[in-house]
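Presented below is the structure to which this report refers.
When a ligand or atom number is given, it counts from 1 through the structure's own listing order.
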Amino acid sequence: MGKVLLSVGDIEADDWLRGLSLEHDVVMNVDQQSAQEIKYAVVWKPEHGTLAKLPNLEVIFSVGAGVDHILSDPQLPDVPIVKVVSENLTQHVTEYVVWRVLDHHRQGALYREQQRAGLWSEKPQRPAQEVSVGIMGLGQLGRSAGLALKHLGFRINGWSRTSQQVDGITSYHGDADLTPFLNDTDILVILLPLTPETEGIINYELLSRLRRLPAYPGPVLINAGRGKLQREPDILKALTDGTIQQATLDVFEEEPLPARSPLWGLPNLVVTPHAAGMSDPNHLVPAMLRQMAAYERSGDLGPVIDRTLGY
Ligand code: NDP
Ligand code: OXD
């Protein structure tokens with residue numbers, strides 16, 4: 001049985017190491033000897049070129065649901081990349097989206113400001129049934145978040161690359177459907193992967209196409225996908241000139257968000273530190289060990305990334 005390379009960047013490695021070591025020899029640094037012996041790599045943001053040094057590598061396991069951090073390596077070896085599907089991660093991201101949608105919808109920022117000012121003033125509240133949440137990316141995470149919000153009464157639209165049928169969600173797909181989707185969306189939630197097609201998709205022009213109802217303060221953006229999906233100067237402009245009324249960003253073009261970024265200081269923007277989903281080793285390591293065992297037995301890996309699509 002070959003060795004496992006564990007390379008998880010800025011993530012705390014102890015629990016990953018302990019879990020994987022139950023069944024495999026795990027190395028965290030590659031030397032000439034171990035390079036020959038490594039069969040599996042478990043990675044988060046691996047340094048470019050590291051995986052190319054492993055001549056006997058057979059499978060890559062991504063620690064995150066997004067794999068842009070792996071595919072961006074120009075020397076990436078041609079081996080399968082296993083797709084993370086974890087109920088625990090899905091639950092985390094769903095909670096995050098529900099939290100941010102409800103906080104924007106129920107005017108959380110306004111009431112917090114009123115409390116600071118010692119002001120008692122109830123505001124009119126639009127019911128969820130009149131609000132359309134549009135989810136870009138109707139995959140594992142987008143579907144789960146959409147269905148949870150549906151239960152709360154919101155109208156849910158989803159936009160994906162190919163046609164998807166999900167009960168209770170009005171589905172749009174492809175370039176031709178993007179304008180009708182946006183024109184019917186009040187709260188835009190981004191759960192897309194970062195690919196050459198989606199990079200920079202969240203720009204000023206796209207935000208200008210969101211629905212603007214006369215008696216409603218204005219559209220809201222929530223991005224929990226990837227930072228490079230958004231053009232940050234465009235978001236700054238849209239939040240400043242009222243094209244969108246409020247936003248929550250969990251992901252940024254550069255992470256950590258640099259201290260110099262003007263986004264930190266925007267009163268109508270909530271910043272969270274790439275915290276929507278957490279890859280918990282207590283859930284993911286047993287799944288990876290099962291996948292490795294199945295692969296040893298039958299060559300079966302379960303869902304793998306389609307490299308031509310980038311997700
Ligand atoms: P999936 O692969 O399950 O779903 C991706 C969805 O995006 C699919 O619906 C797909 O369409 C759609 N899509 C992809 N490319 C396009 C395109 N060009 N045009 C329109 N739709 C497109 O991904 P997950 O739901 O598991 O995860 C989504 C992303 O969330 C991850 O890639 C990651 O970047 C991010 N993420 C962020 C976290 C955080 O902490 N902030 C945590 C976990 C994930 P189709 O259905 O037609 O294939
Ligand atoms: C992921 C992430 O892709 O944490 O899972 O961003």
Side-chain angles (χ1 to χ4, degrees), residues 8-12 16 42-46 61-72 81-97 99-100 134-148 156-166 169 171-179 181-182 188-202 206 222-230 248-253 255-257 270-281 283-284 287-288 302-311:
V8 287
D10 53 357
I11 294 178
E12 174 62 61
W16 294 90
V42 174
V43 294
W44 174 248
K45 298 186 182 169
F61 291 83
S62 172
V63 158
V67 291
D68 47 289
H69 65 108
I70 299 173
L71 295 177
S72 61
I81 303 169
V82 174
K83 193 171 164 59
V84 170
V85 179
S86 148
E87 272 178 32
N88 183 258
L89 179 64
T90 305
Q91 169 72 22
H92 271 281
V93 175
T94 300
E95 280 174 16
Y96 179 89
V97 172
W99 167 51
R100 294 316 310 149
I135 303 179
M136 291 180 81
L138 209 50
Q140 182 73 19
L141 304 179
R143 283 170 188 243
S144 170
L147 292 174
I156 310 296
N157 297 321
W159 183 75
S160 47
R161 191 179 54 82
T162 58
S163 168
Q164 299 291 334
Q165 303 305 322
V166 186
I169 298 184
S171 297
Y172 297 82
H173 72 279
D175 288 348
D177 278 358
L178 188 54
T179 295
F181 164 82
L182 294 168
L188 181 65
V189 175
I190 313 300
L191 283 169
L192 284 168
L194 176 65
T195 70
E197 280 69 43
T198 60
E199 185 165 356
I201 194 168
I202 312 306
L206 178 137
I222 298 168
N223 184 6
R226 280 289 180 269
K228 288 196 170 106
L229 297 167
Q230 71 206 9
T248 292
L249 302 180
D250 184 51
V251 285
F252 298 89
E253 288 178 42
E255 293 180 5
L257 181 63
V270 171
V271 168
T272 55
H274 199 139
M278 202 193 69
S279 292
D280 181 348
H283 290 265
L284 289 186
M288 285 175 185
V304 293
I305 297 302
D306 179 334
R307 285 205 192 191
T308 55
L309 293 175
Y311 68 98

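A 6.0 Å sphere centred on NZ of K228 holds no more than 12 heavy atoms belonging to other residues, nucleotides or ligands. The 12-atom threshold is not exceeded at CD of E87, counting heavy atoms of other residues, nucleotides or ligands nearer than 6.0 Å. Residue D306 qualifies as enclosed at atom CG: its count of foreign heavy atoms under 6.0 Å is above 12.
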**Request:** Assess whether side chain to side chain contact (heavy atoms under 4.5 Å, CB included) is satisfied between W99 and T248, documenting all intermediate values.
**Result:** CA-CA 11 Å; W99 167 51; T248 292; over 6 Å; no
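With values rounded to the nearest 0.5 angstrom, D250 atom CG is found 3.5 Å from T272 atom OG1.
Every residue two or more places apart in sequence or in another chain was checked for a ring pair (Phe, Tyr, Trp, His ring centres under 6.0 Å) with Y311, and none qualifies.
The immediate protein surroundings of ligand 1, defined as residues with any heavy atom under 4.0 Å of it, consist of A65, G66, K83, V93, G137, L138, G139, Q140, L141, W159, S160, R161, T162, Q164, L191, L192, P193, E197, T198, A224, G225, R226, D250, V251, H274, A276, G277, Y311.
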Residues 135-145 side chain polar contacts: donor-acceptor under 3.5 Å, at least two apart:
| from | atom 1 | to | atom 2 | distance (Å) |
| --- | --- | --- | --- | --- |
| R143 | NE | L138 | O | 3.2 |
| R143 | NH2 | Q164 | OE1 | 2.5 |
| S144 | OG | T94 | OG1 | 2.6 |

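Between H92 and Y96, the closest side-chain pair of non-hydrogen atoms is not below 4.5 Å.
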Protein N/O near ligand 2 N/O, under 3.5 Å, which pairs?
| from | atom 1 | to | atom 2 | distance (Å) |
| --- | --- | --- | --- | --- |
| ligand 2 | 3 (O) | A65 | N | 2.9 |
| ligand 2 | 3 (O) | G66 | N | 2.7 |
| ligand 2 | 3 (O) | R226 | NH2 | 2.7 |
| ligand 2 | 5 (O) | A65 | N | 2.6 |
| ligand 2 | 6 (O) | R226 | NH1 | 2.8 |
| ligand 2 | 6 (O) | R226 | NH2 | 3.3 |
| ligand 2 | 6 (O) | H274 | NE2 | 2.5 |

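Relative ring orientation between H274 and W44 is described as perpendicular, the plane-to-plane angle rising above 60° on a 0-90° scale split at 30° and 60°.
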